[in-house]
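One structure is given below, encoded as structure tokens.
Counting convention: from 1, in listed order, for ligands and their atoms alike.
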Amino acid sequence: MITESLYHQVIADTPALKVVAAVAQQMETPTYVVGGFVRDLILGRKLKDIDIVCVGSGIQLAKTIGESIGAKPVVHKNFGTAALKIEGEEVEFVGARKESYRSNSRKPIVEDGNLADDQNRRDFTINALAISLNKDDFGQLLDPFGGMQSLEDKLIQTPLAPDETFSDDPLRIMRAIRFASQLSFDIEADTFNAIKEMKGRLEIVSQERITDELNKIILSPKPSYGFKLLFHSGVLAHVFPEMVKLQGVKVIDGKAHKDNFYHTLQVLDNVSEVTNDLWLRWAAILHDIAKPATQRFHKKAGWTFHGHEDLGARWVPRIFKQLKLPLNDKMKYVQKLVRLHLRPIALVSEKVTESAVRRLLFEAGDDIEDLMKLCKADITSKDHNRVRRYLSNFKKVEEKMIEVEEKDHLRNFKLPVTGELIMETFEIKPSRVVGDIKNEIKEAILEGTIENDYDQAFQLMLDLGQKRGLSRSGN
Ligand code: ATP
Ligand code: MG
């Protein structure tokens with residue numbers, strides 16, 4: 001956290017705010033910086049877009065500032081807001097307002113109000129802080145709800161009664177957990193209880209907005225924390241019930257399996273230490289999603305989850321659709337990582353053969369590094385020695401992989417002979433035999449019987465054709 005004199009100075013030195021303050025003072029419109037910018041400024045976090053609230057018309061203020069800098073604001077008349085780029089910063093303007101809610105909608109009834117009314121309508125005390133840009137009290141912090149104290153205590157709490165706050169706009173339930181996870185804050189007890197009580201109200205919120213918040217939780221520094229809050233509040237059961245099914249341990253004949261929920265969270269945290277990529281993090285969340293459905297107990301072998309990687313991969317499109325995540329190549333990428341997530345570790349326990357490495361490189365293609373990150377993150381155990389042993393064997397697999405890739409270039413493998421060439425050479429029409437020959441050539445390369453090389457592949461093609469009684473054209 002930074003001191004008062006320091007943030008006073010940052011406000012005075014931020015070029016965009018200088019412009020806003022100058023015009024607002026000329027217009028004699030009381031104007032304040034508010035919300036996330038003030039919170040992040042005081043916390044010393046990286047600053048993003050700036051929110052400005054004025055007592056009067058936010059649109060008019062934006063237009064007048066626009067005239068002074070030769071730019072036009074983007075106006076959203078329905079919301080009474082306007083956005084303008086000033087000195088390279090995105091600045092959003094709104095007139096101070098009072099909001100009241102009806103029970104069946106997130107859309108409030110809006111009236112003009114003063115600064116206090118506007119601070120009242122904000123979701124959390126840490127988001128209700130404002131700093132004046134006015135002449136007589138420039139740089140003064142206006143903190144009617146003890147937002148500063150909440151920042152010091154690292155607490156998420158609502159300015160007004162929490163159940164009302166969440167009932168009015170249930171998206172705030174997701175936002176509370178999202179801010180807690182992003183900032184590593186606790187959620188104040190009454191606020192958390194209200195989340196538990198009001199979680200059913202999330203049904204009036206669109207899936208897109210819920211998923212936006214979920215993605216922000218996933219992208220926070222230690223996402224397991226956000227997921228534990230989602231789980232313990234019962235929110236997870238509403239927004240992503242499939243994940244809740246991972247939780248729990250069954251014991252038969254004294255044999256227990258891992259709790260797959262906490263294991264998944266550990267893998268998610270592990271992977272988050274080495275990547276900020278949302279989709280690799282999603283792959284971690286989904287890698288064991290089909291374990292509950294494939295779980296069996298065998299008298300000798302104990303618990304098994306055969307085929308959970310394939311079934312899980314098959315579930316990915318349905319889960320993406322439910323969560324309104326994009327159904328594009330990102331989904332395919334997640335699917336692929338889920339499907340292949342056991343493959344590198346399987347190489348650890350076997351003697352690492354070149355052909356197994358070749359096959360994996362061929363299937364993973366450019367996603368091999370990400371797959372290795374996921375697989376490494378998946379090595380979790382309470383037994384530290386065991387983890388260490390696994391990781392050191394895993395290193396051998398990685399080394400072997402680099403060696404094979406340098407030699408064979410299989411990552412973007414294209415068969416050196418094509419179906420067309422096979423058809424031309426033997427003067428045959430498209431048929432099953434073309435596919436068979438192609439497949440045998442591919443297998444030979446992956447097995448290492450021939451190299452990934454045109455001449456060798458061509459020769460093998462001739463041999464395979466001859467074996468099938470085909471003769472080369474012109475012969
Ligand atoms: P970030 O931009 O990092 O997500 P932020 O706090 O700026 O965080 P925004 O969604 O940009 O969040 O909203 C800006 C401000 O508007 C918030 O700080 C808060 O004061 C207010 N706000 C946003 N959404 C809500 C809401 N659903 N209910 C009440 N106030 C809200
Ligand atoms: Mg913001």
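- Between Asp169 and ligand 1 there is a heavy-atom distance shorter than 4.0 Å.
- A donor-acceptor pair shorter than 3.5 Å cannot be found between the side chains of Ser132 and Gln140.
- Between Asp310 and Arg314 there is no salt bridge, since none of the side-chain N atoms of the basic residue sits less than 4.0 Å from a carboxylate O of the acidic one.
- Ligand 1 places these atoms under 4.0 Å from at least one heavy atom of Asp51: 14 (C).
- Under the 4.0 angstrom criterion for non-hydrogen atoms, Phe37 is not in contact with ligand 1.
- Of all atoms in ligand 1, listed by their number and element, those nearer than 4.0 Å to a heavy atom of Lys216 are 4 (O).
- Annotation: His263 is not in aromatic contact with His257 [ring centroid separation under 6.0 Å not met].
- In terms of modelled atom types and a separation under 3.5 Å, the side chain of Asp143 and the main chain of Met148 share a donor-acceptor contact.
- If you check which protein heavy atom lies closest to atom 18 (O) of ligand 1, you get Gly36 N, 3.1 Å.
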Show, in sequence, the C-alpha distance, side-chain angles and deciding distance for Asp118 and Tyr32, and conclude whether the side chain to side chain donor-acceptor pair (under 3.5 Å) test is met. CA-CA 11 Å; Asp118 202 87; Tyr32 308 83; over 6 Å; no
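- Looking at Phe166 against ligand 1, nothing comes within 4.0 Å, counting heavy atoms.
- Of the protein's heavy atoms, Lys48 NZ, 3.6 Å lies nearest to atom 1 (P) of ligand 1.
- Salt-bridge check for Glu87 with Lys18: failed, with every basic side-chain N at 4.0 Å or more from each acidic carboxylate O.
- Nearest non-hydrogen protein atom to atom 15 (C) of ligand 1 is Arg122 NH1, 3.6 Å.
- The protein non-hydrogen atom at the shortest distance from atom 4 (O) of ligand 1 is Arg178 NH1, 2.8 Å.
- With hydrogens left out, the protein atom closest to atom 13 (O) of ligand 1 is Arg175 NH2, 3.8 Å, a heavy atom.
- You'll find the side chain of Arg318 stays beyond 4.5 Å of the side chain of Lys321, heavy atoms only.
- By the 4.5 Å heavy-atom criterion applied to side chains, Phe166 and Glu197 are not counted as neighbours.
- For the residues Ile126, Asp123, Asp118, the heavy atom positioned nearest atom 19 (C) of ligand 1 is part of Asp123.
- A salt bridge links Glu90 with Lys85: at least one charged nitrogen is closer than 4.0 Å to a carboxylate oxygen.
- Using a 4.0 Å cut-off to heavy atoms of Arg172, the atoms of ligand 1 that qualify are 26 (C), 27 (N), 28 (N), 29 (C).
- Residue Asp40 has no N or O atom closer than 3.5 Å to an N or O atom of ligand 1.
- At a threshold of 4.0 Å, the pair Arg386-Asp383 does not count as salt-bridged, since none of the basic side-chain nitrogens sits closer than that to a carboxylate oxygen.
- Per-residue contacts place Gly35 under 4.0 angstrom from the following atoms of ligand 1 (heavy atoms of the residue considered): 18 (O).
- A 4.5 Å side-chain heavy-atom check between Val239 and Met174 finds at least one atom pair inside the cut-off.
- For atom 8 (O) of ligand 1, the closest non-hydrogen atom on the protein side is Arg39 NH2, 3.4 Å.
- Ligand 1 does not have Gln182 within reach: every non-hydrogen atom of the residue lies 4.0 Å or more from it.
- The shell of residues lying under 4.0 angstrom from ligand 1, judged by heavy atoms, includes Arg121.
- Contacts between Glu99 and ligand 1 below 4.0 angstrom, taking non-hydrogen atoms only, are absent altogether.
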